[in-house]
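Some notes on the structure that comes next.
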Amino acid sequence: MEQNNDGNLAQVQHVVLVLSGKGGVGKSTITTELALALKHAGKKVGILDIDLCGPSIPRMLSVGRSDVHQCDSGWVPVYTDAQKSLALMSIGFLMEDPDEAVVWRGPKKTALIGQFVSDVAWGDLDVLLVDTPPGTSDEHLAVLENLKKHRVDGAILVTTPQAVSTGDVRREITFCKKTGVRILGIIENMSGFVCPHCSECTNIFSKGGGEELAKLTGSVFLGAVPLDPLLSASIEEGKDFIQSFPDSATFSAISSISQTLLNSLQTA
């Protein structure tokens with residue numbers, strides 16, 4: 001990828017947006033687990049959490065009350081490990097009260113996103129994942145506007161198997177095409193339920209909606225991630241699922257998706 005002289009993003013090799021057409025599909029969970037999988041693959045990873053009204057990733061990575069410090073080139077991101085291989089910036093770090101609601105009009109949100117994109121001193125990163133709010137709103141346009149100087153490699157779309165979710169993702173696909181964002185692939189989350197006792201996977205919703213949508217739209221199907229109580233518990237407790245359960249089918253799914261993403265980025 002060509003490097004641009006664009007300040008704090010100059011040493012970021014790849015930028016990937018994580019999008020969903022609706023809330024509740026586990027987009028932030030997928031972002032977190034992909035970041036951890038990439039970290040365990042030896043990559044330096046950053047997460048820019050611009051889900052301004054629901055910044056859940058700090059809790060998922062167990063860094064909920066960290067302070068953000070300033071350096072000469074801007075804000076220093078919060079690192080989740082001593083090796084500084086996973087960096088995070090979120091509005092959750094800037095709020096005095098974690099229960100405070102972000103009741104802001106569009107211009108104020110847009111201004112903060114501009115700061116997040118230009119004023120965070122990411123340093124040397126292999127991949128920056130941008131966790132976005134649901135839908136196709138001002139926040140998404142603000143991110144793309146502010147990232148114009150630095151090439152966005154593309155977007156990952158997260159859906160659940162049901163038609164109501166895949167229908168919303170169709171609109172997200174249209175958004176990507178209108179704004180010139182390459183679709184790196186579709187992930188079907190909550191694709192079946194893994195029994196914690198026998199490990200059998202049961203389709204409590206439906207199955208295959210994400211894969212079918214990928215076929216219909218000519219997109220890459222990155223893979224399916226099941227509902228897994230072990231993953232849910234890890235997210236709730238801020239633990240590293242990838243490290244804790246390397247023998248699980250869910251680990252295999254996430255690991256495979258991260259490797260496919262890396263291969264796709266190298267050919268971008």
Side-chain angles (χ1 to χ4, degrees), residues 16 18-20 23-49 51 54-66 77-90 92 125-132 156-161 184-205 207 210 221-262:
V16 176
V18 184
L19 307 174
S20 69
V25 299
K27 174 180 47 58
S28 295
T29 298
I30 292 293
T31 302
T32 300
E33 296 309 317
L34 276 180
L36 289 169
L38 291 169
K39 185 187 90 163
H40 288 300
K43 303 300 180 183
K44 294 190 75 172
V45 188
I47 300 176
L48 176 56
D49 179 12
D51 194 347
S56 54
I57 290 182
R59 175 175 175 174
M60 292 179 177
L61 290 172
S62 198
V63 288
R65 298 305 301 155
S66 299
V78 173
Y79 293 96
T80 65
D81 59 333
Q83 294 75 32
K84 295 188 175 181
S85 55
L86 178 52
L88 172 63
M89 176 54 72
S90 169
L125 289 183
D126 293 302
V127 182
L128 176 63
L129 298 173
V130 184
D131 184 42
T132 65
I156 294 170
L157 308 181
V158 181
T159 185
T160 52
L184 295 169
I186 295 173
I187 297 173
E188 181 177 298
N189 195 25
M190 306 182 193
S191 182
F193 171 76
V194 177
C195 174
H197 305 293
C198 67
S199 298
E200 182 178 335
C201 192
T202 304
N203 298 322
I204 57 173
F205 297 130
K207 186 173 175 62
F221 182 64
L222 291 172
V225 179
L227 273 171
D228 187 335
L230 296 177
L231 175 57
S232 300
S234 296
I235 287 292
E236 284 291 310
E237 297 167 16
K239 292 181 178 177
D240 186 337
F241 172 81
I242 302 294
Q243 190 174 44
S244 301
F245 302 102
D247 298 325
S248 70
T250 305
F251 166 86
S252 298
I254 295 168
S255 182
S256 174
I257 289 169
S258 68
Q259 192 54 57
T260 303
L261 173 62
L262 279 177

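Starting from 1, each residue takes its place in the sequence as its number.
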Steps toward side-chain contact (heavy atoms from CB on, under 4.5 Å) verdict (Asp126, Val45): CA-CA 6 Å; Asp126 293 302; Val45 188; 5.9 Å; no
Sole residue of Leu61, Val18, Val130 in side chain to side chain contact (heavy atoms under 4.5 Å, CB included) with Ile47: Leu61
Approximate separation, where rounding is to 0.5 Å, of Arg59 CZ and Ser90 OG: 13.5 Å
Gln243: side-chain hydrogen bond (donor to acceptor under 3.5 Å, both in side chains) partners, not counting sequence neighbours: none
Heavy-atom donor-acceptor pair, Ser256 side chain to Ser252 backbone, under 3.5 Å: no
Gap between atom CG of Asp49 and atom CE of Met60 - 0.5 Å precision: 9.0 Å
With Asp228 via salt bridge (Lys or Arg N to Asp or Glu O under 4.0 Å) - residues at least two apart: none
Pairwise distance CD1(Ile186) to OG(Ser20) - rounded to 0.5 angstrom: 12.5 Å
Ser244 side-chain N/O to Asp240 backbone N/O, donor-acceptor pair under 3.5 Å: yes
Straight-line distance of Leu36 CG to Ile254 CD1, nearest 0.5 Å: 9.0 Å
Residue among Ile30, Ile156, Leu222 satisfying side chain to side chain contact (heavy atoms under 4.5 Å, CB included) with Ile257: Leu222
For Lys84, side-chain hydrogen bond (donor to acceptor under 3.5 Å, both in side chains) partners two or more places apart: none
Polar side-chain atom of Asp81 near backbone of Ser85 as donor-acceptor pair, under 3.5 Å: yes
Full working for side chain to side chain donor-acceptor pair (under 3.5 Å) between Glu188 and Ser191: CA-CA 6 Å; Glu188 181 177 298; Ser191 182; 2.8 Å; yes
Straight-line distance of Leu34 CG to Ile187 CD1, nearest 0.5 Å: 5.0 Å
Gap between atom CG of Leu128 and atom NZ of Lys44 - 0.5 Å precision: 13.0 Å
Verdict with reasoning, Leu184 to Val16, per side-chain contact (heavy atoms from CB on, under 4.5 Å): CA-CA 9 Å; Leu184 295 169; Val16 176; 3.9 Å; yes
Qualifying side chain to side chain donor-acceptor pair (under 3.5 Å) pairs with a residue from residues 27-38, counting only residues at least two apart or across chains: Lys27-Asp131, Ser28-Asp131, Thr31-Asp131
Partners meeting side-chain hydrogen bond (donor to acceptor under 3.5 Å, both in side chains) with Thr160 (sequence neighbours left out): Gln162, Ser165
Residue pair Thr250, Leu230: steps toward the side-chain contact (heavy atoms from CB on, under 4.5 Å) verdict: CA-CA 9 Å; Thr250 305; Leu230 296 177; over 6 Å; no
Pair Thr159-Asn189, side-chain contact (heavy atoms from CB on, under 4.5 Å): steps then yes or no: CA-CA 6 Å; Thr159 185; Asn189 195 25; over 6 Å; no
Partners passing ring pair (Phe, Tyr, Trp, His ring centres under 6.0 Å) against Phe245 (at least two apart in sequence or in another chain): Phe241
